[in-house]
Protein chains: 2
Amino acid sequence: MRADARKNYDHLLDVARVVVAEQGADASLRDVARRAGVGLGTLYRHFPTREALLEALLRTSFDELTSQASALEAASPPREALRSWLRDCVAFTTAYRGVTELMVAAIEDPGSALHSSCVALRAAGTRLLVRAQADGTARTELDGTDLFALVAALAWLSDQPALAPRADHLFDVVARAVLTS
Amino acid sequence: MRADARKNYDHLLDVARVVVAEQGADASLRDVARRAGVGLGTLYRHFPTREALLEALLRTSFDELTSQASALEAASPPREALRSWLRDCVAFTTAYRGVTELMVAAIEDPGSALHSSCVALRAAGTRLLVRAQADGTARTELDGTDLFALVAALAWLSDQPALAPRADHLFDVVARAVLTS
DNA sequence: ACCTGAACACCGTTCAAGT
DNA sequence: ACCTGAACACCGTTCAAGT
């Protein structure tokens with residue numbers, strides 16, 4: 001990548017971080033380009049789709065969550081590892097409003113730029129789930145996709161201003177449905 | 001209301017039903033007016049906001065759910081009444097894609113045209129919940145708003161094409177967290 | 001290679017002008 | 001009273017023209 005292109009790419013990403021934090025996953029791309037002081041075509045050249053931009057924005061966090069799963073697997077008992085990883089997932093997904101919806105769509109669309117990150121996330125969760133199930137501390141009628149769905153639903157709840165205050169409480173309620181007491 | 005106005009009103013509602021079923025709650029209002037063969041201003045005259053249009057579209061179903069709650073309260077044991085009402089709620093909210101989000105926002109916004117319907121719905125759910133709690137068949141750490149939130153989350157899950165196939169299964173999982181076994 | 005911005009086809013919302 | 005559609009300020013996306 002040419003030096004000027006690299007500079008634009010990085011700057012666009014910085015600006016996008018701010019704008020997406022403000023407006024959510026359906027933020028105006030025009031606004032991103034404008035605030036970055038860059039032509040609209042430049043944004044599209046670097047990020048051909050909205051997913052591509054969000055993927056670049058989220059990749060680091062995704063990777064952290066995946067490796068966090070491994071760390072917890074090594075360090076904590078199965079039940080606690082699963083529970084605290086679910087918490088982390090919900091918290092992360094809440095960072096940018098509306099991202100959950102895109103993640104859910106991406107997990108079934110191999111063409112999406114977010115696809116592989118989401119699949120990796122689900123795989124990490126599945127490992128923790130299976131481990132807890134073998135331990136007898138997670139219910140056996142759930143699989144990794146169910147877990148992904150429940151995290152998504154909780155993240156969605158946290159995104160709703162009217163319900164955000166009960167998000168923690170509802171996490172406990174749903175966690176009880178996943179884990180055995 | 002003048003006869004011609006009435007005719008436009010009814011026809012707009014019929015067309016909106018189709019378009020919202022197709023495109024979801026964020027359907028193009030322009031498209032509704034166009035397909036109804038009516039000026040855009042006419043739509044705005046009859047339905048000053050998107051919520052007003054959706055409220056008119058959903059009022060009947062809302063009322064049915066509320067009276068269904070009373071019927072179940074009279075006819076079924078507390079636990080079964082609550083459970084099957086929750087099912088009905090999720091099924092209804094899934095009729096139009098994206099309606100859940102608006103309902104959740106409306107419940108805290110007295111200015112929304114959907115506000116009173118949502119409050120009535122929550123009240124109906126609360127009655128069934130309290131009854132089951134008194135019966136010892138529903139967990140006591142939940143209140144009506146929690147119930148509303150869980151229904152909304154399940155309805156949201158059903159709206160996601162990638163997760164819809166597990167919606168029934170996940171309903172069971174969440175229901176287990178609400179009811180005592 | 002890369003960037004720019006005009007062009008196109010869409011929105012939601014308002015409001016002057018018509019009947 | 002009621003209806004119409006142009007007008008305005010926004011989108012996302014593409015692509016010819018420039019450097």
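Chain letters run A, B, ... following the sequence lines, proteins first and then strands; every chain starts at 1.
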Cationic N near anionic O, under 4.0 Å, B/R34 to B/D31: yes
Mapping A/A5 and B/D31 onto DNA chain C by nearest heavy atom, which one lands closer to the 5' end? A/A5
Expressed as a whole number of angstroms, how long is the span from A/D26:CG to D/dC10:C1'? 14 Å
Find the partner of C/dC8: check Watson-Crick (N1-N3 plus N6-O4 or O6-N4) and G-U wobble (N1-O2, O6-N3) distances, both under 3.5 Å, and reply none if neither fits. D/dG12
Take atom CG of A/D4 and atom C1' of C/dA1, then tell me their distance rounded to the nearest Å. 8 Å
Rounded to whole Å, the CG-C1' distance (B/L53 to C/dG12) equals 13 Å
Can you see whether A/R59 engages A/S117 through a side-chain donor-acceptor pair at a distance of less than 3.5 angstrom? no
Rounded to whole Å, please give me the gap between NE2 in B/H46 and P in D/dT4. 9 Å
Once you apply a heavy-atom cut-off of 4.0 Å, does A/S28 come out as touching a base, just sugar-phosphate, or nothing? sugar-phosphate
Does A/R97 pair with A/D26 as a salt bridge, N-O distance under 4.0 Å? no
Which nucleotide sits closest to the side chain of A/M1: D/dC3, D/dT13, C/dC2? C/dC2
Categorize B/L29 for me: base, sugar-phosphate, or nothing, with a 4.0 angstrom heavy-atom threshold over every strand shown. sugar-phosphate
Over how many whole Å does the gap from B/L43 atom CG to D/dC2 atom P extend? 15 Å
Across the strands shown, which category fits A/R34 at heavy-atom distances under 4.0 angstrom: base, sugar-phosphate, nothing? sugar-phosphate
Look at the aromatic rings of A/W156 and B/W156 and report parallel, tilted or perpendicular, splitting at 30° and 60°. parallel
Measure from the side chain of A/R2, starting at C-beta and using heavy atoms only, and say which of C/dC2, D/dC3, D/dT13 lies closest. C/dC2
Taking a pair to mean Watson-Crick or G-U wobble geometry with both distances below 3.5 Å, D/dC3 pairs with none
Polar side chain donor-acceptor pair, A/T180 to A/R139, under 3.5 angstrom: no
Nearest-nucleotide 5' precedence on DNA chain D, A/G41 against A/A27: A/A27
Looking only at D/dA7, C/dA7, C/dT4, the nucleotide nearest the B/R30 side chain is D/dA7
